[in-house]
Number of protein chains: 2
Amino acid sequence: MKQYGQFCPLAKALDVVGDRWTLLIVRELAVRPCRYTDLRDGLPGIATNLLADRLKSLEAAGVITAEIAPPPVATTLYRLAERGEALLPAAHALAHWGAPLLADADDTDEVRARWLVPAVRTMFADVDVGDVEPLEVALDLEDEPIKLSVENGQLHAELGTARQPDVRIACDGPTAVAILRGQLHLDAATRHSRAQINGSRTARARLARLVAAGATRPQSAGETS
Amino acid sequence: MKQYGQFCPLAKALDVVGDRWTLLIVRELAVRPCRYTDLRDGLPGIATNLLADRLKSLEAAGVITAEIAPPPVATTLYRLAERGEALLPAAHALAHWGAPLLADADDTDEVRARWLVPAVRTMFADVDVGDVEPLEVALDLEDEPIKLSVENGQLHAELGTARQPDVRIACDGPTAVAILRGQLHLDAATRHSRAQINGSRTARARLARLVAAGATRPQSAGETS
DNA sequence: CTGCATCCGCTTCGATACTG
DNA sequence: CAGTATCGAAGCGGATGCAG
């Protein structure tokens, strides 16, 4: 019995997007249209047949569309349909609820730059860096670069390359997470060759203080705004 | 592999509430604290061991609490913890998205009065009944009674017994759904002994027109506000 | 009656291999 | 690149048993 068979809006929604991996596929497509391989990369651990199944049923449900892209791409592109876009508020609400759970996340978790952006926003929400001078940090992960910037005592995160960063960090995902959580000091990361860090001493020191400000606040699963 | 193992707030949320039945348990507890048996009744089709498993993991995750109620009840009562209440916005967002899917629901679906209330609200959202005279309908389902009322051209639905209803309908869930969808006329329902309907001729006629107003509007999965 | 635990057939999932 | 095919393992659904 795959369907719940209940005359209830929540049950009907879960009939469509309640299966394992389904909402995560929507998450990937929320950022940009994806090829099959892009999706597989963004969903580490998914079985390829499962991905194919999910894509078929999501298309049947009108949540996504599969179109054959013209020559520069020359492959099928999956993207959210209107009905899929309408799903984003629900996905964001769930993500917002899940954000505190990142605090006790395993450090073997997979990391993608695209996931890190909302995660960082949550980690540093309501954190007053206490430092009014602007600071720009380029965080070059393996898959994509991220730009962090401090303005008005608030930390901003977004995908993209920083033009003139005060600090540039190149490392893998778990290292970036450890640094941002304050579990791994910048100097220690350099010493253990886990990250390549460039930037003036003062800028690095300010980044260190920023991270410390984020780490000191209690991050338990109990907090939700 | 049960956990996704991704450093992503949505994935972390789904690690906790992404399993089958889990969000529906939250739905049940959102209405009122429940005993084990109440939950089983509200989740037709769930295997009893699954319910026990889910309750344990939800309690471990801090979403619900299990407390031994004092003598008048003398059994364990499950209720949402603070972290469970925080989940309701996400559940509502999903339900809102799923509401249009009720339009093509199977008529063999299980029906509970508690689920019908939000469903009716959705079915008649933005429906101007065009009738300013107040009307009160008692809808006595097998599990619980519902009160429908028309005020200012808007249909309101809530759990509870109507004191002085203009129309009283006693029937089972699927019949109620068929009537409210306009698929089964009041007279036909009476004729086939699927419902007992009491009330003045004029009140019944107004209810019929109200149902017709809800039924005529196109209800496809495409519409979402 | 409530609140599970156990057992069993079956479906789904996950991992790998393979193909157009 | 975009899937399909296969197979063992795990989870699910349903029935039953049983203690408090």
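In the text below, chain A, chain B and the rest are named by the order of the sequence lines, each starting its count at 1. Computed over heavy atoms, backbone and side chain alike; hydrogens, waters and symmetry mates excluded.
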Respond yes when some side-chain nitrogen or oxygen of Trp21(A) is under 4.0 Å from OP1 or OP2 of dG14(C), and no when none is. yes
Base versus backbone protein contacts along nucleotides 2-7 of chain C [heavy-atom cut-off under 4.0 Å; B, S, -]: SSBBBB
Atom NZ of Lys2(B) and atom C1' of dC12(D): how far apart are they, to the nearest Å? 12 Å
Grab the CG-P distance between Leu50(A) and dA15(C) for me, whole Å please. 10 Å
N or O in side chain of Arg20(B) less than 4.0 angstrom from dG13(D) OP1/OP2: yes
Without decimals, in angstroms, what is the distance between Ile46(A) CD1 and dA2(D) P? 15 Å
Asp19(B) CG - dT12(C) P separation (whole Å): 16 Å
Does CD in Glu67(A) sit with more than 12 non-hydrogen atoms of other residues, nucleotides or ligands closer than 6.0 Å? yes
Distance, nearest 0.5 Å, that separates CG of Leu116(B) from CG of Leu139(B): 6.5 Å
Write down the distance between CG (Leu39(A)) and P (dC1(D)), rounded to a whole number of angstrom. 13 Å
Can you check the Leu51(B) CG to dC12(D) C1' distance for me, whole Å? 14 Å
Arg83(B)/Glu85(B) ion pair, N-O < 4.0 Å: no
d(CG, Leu43(B); C1', dG13(D)) in whole Å: 14 Å
Can you spot which of Asp53(B), Asp15(B), Asp19(B) makes a salt bridge (Lys or Arg N to Asp or Glu O under 4.0 Å) with Lys2(B)? Asp19(B)
Taking only side-chain N and O atoms of Arg54(A), does any of them lie within less than 4.0 angstrom of OP1 or OP2 on dC13(C)? yes
Of all residues at least two apart in sequence or in a different chain, which pass the side-chain contact (heavy atoms from CB on, under 4.5 Å) check with Glu142(B)? Asp172(B)
More than 12 heavy atoms of other residues, nucleotides or ligands under 6.0 Å from CD of Gln183(B): yes or no? yes
Checking side-chain polar atoms at under 3.5 Å, does Tyr36(A) have a donor or acceptor matched by the opposite partner on Thr75(A)? no
Whole angstroms only, please: what is the CG-C1' distance between Leu24(A) and dG14(C)? 15 Å
